[in-house]
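Below is one structure, written out as structure tokens; comments come after it.
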Amino acid sequence: KELMEFVKKIEVPVADSLMGKGAFDGTDELYMGMLGMHGTKASNLGVTKCDLLITVGSRFSDRVIGNASRFAKNAKILQIDVDPAEINKNIQVDCSIIGDLKEVLTRLNQRIEKHEHKEWIKEIETISEEHPLKYNEEGLTGPYVIEQIYKVTEGNAIITTDVGQHQMWAAQYYRYKDPRTFLSSGGLGTMGYGVGAAIGAKVGRPDKVVLNIAGDGCFRMNMNEIATAARYNIPIIQVVINNHVLGMVRQWQELFYDANYVATDMKGQPDFVKLADAYGAEGYRITTEEELEELLPKALASPRTAVIDVLVDREENVSPIVPAGASLDEMLIV
């Protein structure tokens, strides 16, 4: 609430990090998308071009800043954080405020007057309109799956993820309106995190629809916990974006290692629908857009744990991407 009031008072575009999803309403007109390696062009170019960057509770991780020496070079940077150790740790800032964000923003909101930045907002909106997130619309794809989940849940679900391409698609194509509705492993990048997170989220918020988005590689790390969910009648929805490959690793091998594919093929994996049945859960296999549109509402309406195995093309990449060592304005469309 305090963040929204602050943004509306100073009237500026807003970007978020992966772990900041839902802190600011992703459906608001001032929201420009995620920042960083798989961020939107509007957010990445906006931070590159701005003359003042206010960062609220962000640690400036490498996935957010790209090349540190070229990050927000035109900007004065103000960093607000509760932890003094985060100040000037990764990025040298011009000014900092150490304190609890709720308290800091409450005091700032009392002191600052209403601002207008119509020309700047229009400039960023134009970039957003000219360079929207795009994906191949022929056939069943990861982004399409996320968009359908968003549509069916009306943006009101709790989404947990594992780590990889599906994680980035869940961040890019689902718009989070409320805090703590996106749960993901953003530090160590733990494959297998999602099922346990989904179980915990559903126990904590039984009133919410809870879905875990995972790749087939990640799901295999912790798929036995579907038995736990089924045993205790915890109706989570496990969506497997199944491309029979370790997708993000394969993407890097394709783009940056001359398509030298090593240890990324997932041949010989189990039948996830049969696995769900063996664990006492419902299982669905989806191979077309029509099947997704038909079966997704059915799984969401069921009082039982469900596993949805969605077969997608292994050639699909997360786009855009900022290569390692590049600056945010050097995004590749892949």
**Request:** Tell me, with the steps shown, if Thr55 and Gln79 meet side chain to side chain donor-acceptor pair (under 3.5 Å).
**Result:** CA-CA 5 Å; Thr55 178; Gln79 184 177 7; 5.8 Å; no
Any donor and acceptor pair, going by atom type alone, linking the side chain of [X] with main-chain N or O of [Y] inside 3.5 Å?
X	Y	result
Asn317	Val334	no
Gln167	Gly164	yes
Asp313	Asn243	no
Asp162	Gly192	yes
Lys73	Thr48	no
His166	Gly215	yes
Ser184	Gly186	no

**Request:** Could you label the plane-to-plane angle of the His115 and His117 rings as parallel, tilted or perpendicular, counting under 30° as parallel and over 60° as perpendicular?
**Result:** parallel
**Message:** Does Ile234 form a side chain to side chain contact (heavy atoms under 4.5 Å, CB included) with Val203? I'd like the steps, not just the answer.
**Reply:** CA-CA 7 Å; Ile234 302 171; Val203 170; 3.9 Å; yes
How many angstroms lie between [atom1] in [X] and [atom2] in [Y], if you round to the nearest 0.5 Å?
X	Y	atom1	atom2	answer
Asp329	Asn44	CG	CG	8.5 Å
Ser69	Gln92	OG	CD	13.0 Å
Phe219	Ile241	CZ	CD1	12.5 Å
Met32	Phe24	CE	CZ	9.0 Å
Tyr150	Asn156	OH	CG	8.5 Å
Asn242	Ile308	CG	CD1	13.0 Å

**Request:** Apply salt bridge (Lys or Arg N to Asp or Glu O under 4.0 Å) to the pair Arg175 and Asp25, showing each step before the final yes or no.
**Result:** CA-CA 8 Å; Arg175 295 203 165 216; Asp25 186 349; over 6 Å; no
**Evaluation steps, salt bridge (Lys or Arg N to Asp or Glu O under 4.0 Å), between Lys298 and Glu282** = CA-CA 11 Å; Lys298 181 179 177 182; Glu282 295 179 358; over 6 Å; no
Is the number of heavy atoms from other residues, nucleotides or ligands under 6.0 Å of [X] [atom1] greater than 12?
X	atom1	result
Tyr257	OH	no
Tyr232	OH	no
Lys114	NZ	yes
Arg63	CZ	no
Asp83	CG	yes
Leu188	CG	no

**Asked** Under the side chain to side chain donor-acceptor pair (under 3.5 Å) criterion, do Glu130 and Thr126 qualify, and how do the steps go?
**Response** CA-CA 6 Å; Glu130 292 177 352; Thr126 300; 5.8 Å; no
**Request:** Please lay out, stage by stage, how Glu254 and Arg250 fare under the test side chain to side chain contact (heavy atoms under 4.5 Å, CB included).
**Result:** CA-CA 6 Å; Glu254 175 194 339; Arg250 183 203 172 280; 3.0 Å; yes
**Item:** Ring-ring centroid check Tyr173 Trp169, cutoff 6.0 Å
**Value:** no
**Request:** Under the salt bridge (Lys or Arg N to Asp or Glu O under 4.0 Å) rule, what do Lys89 and Glu86 come out as? Steps first, then yes or no, please.
**Result:** CA-CA 5 Å; Lys89 184 179 76 173; Glu86 293 296 336; 3.1 Å; yes
Ion pair check, [X] and [Y], cut-off under 4.0 Å:
X	Y	answer
Arg285	Asp309	yes
Asp28	Lys8	yes
Asp51	Lys76	no
Asp81	Arg59	no
Lys102	Asp100	no
Glu103	Arg107	yes

**Message:** Between Val12 and Ile54, is the side chain to side chain contact (heavy atoms under 4.5 Å, CB included) condition met? List the steps.
**Reply:** CA-CA 10 Å; Val12 290; Ile54 303 172; 5.9 Å; no
**Asked** Could you walk me through whether Glu137 and Tyr135 pass the side chain to side chain donor-acceptor pair (under 3.5 Å) check?
**Response** CA-CA 6 Å; Glu137 297 185 9; Tyr135 61 89; 5.3 Å; no
Would you check if there is a donor-acceptor pair between the side chains of [Y] and [X] at a distance under 3.5 Å?
X	Y	value
Asp16	Tyr31	yes
Glu125	Ser128	no
Gln269	His244	yes
Ser17	Ser58	no
Thr287	Glu291	yes
Thr153	Tyr174	yes

**Lys118 vs Glu11, salt bridge (Lys or Arg N to Asp or Glu O under 4.0 Å): CA-CA, chis, key distance, verdict** = CA-CA 8 Å; Lys118 292 180 180 177; Glu11 194 180 75; over 6 Å; no
**Item:** Derivation of the side chain to side chain donor-acceptor pair (under 3.5 Å) call for Gln238 and Asn212
**Value:** CA-CA 5 Å; Gln238 168 65 59; Asn212 180 46; 2.8 Å; yes
**Request:** Starting from the C-alpha separation in whole Å, work towards a yes-or-no answer on side chain to side chain contact (heavy atoms under 4.5 Å, CB included) for Ile65 and Leu328.
**Result:** CA-CA 7 Å; Ile65 63 176; Leu328 294 184; 5.9 Å; no
**Request:** Indicate if Ile286 and Ile149 have the same hydrophobic cluster label, given that clusters are the connected sets of ILVMFWY residues with side-chain heavy-atom separations under 4.5 angstrom.
**Result:** yes
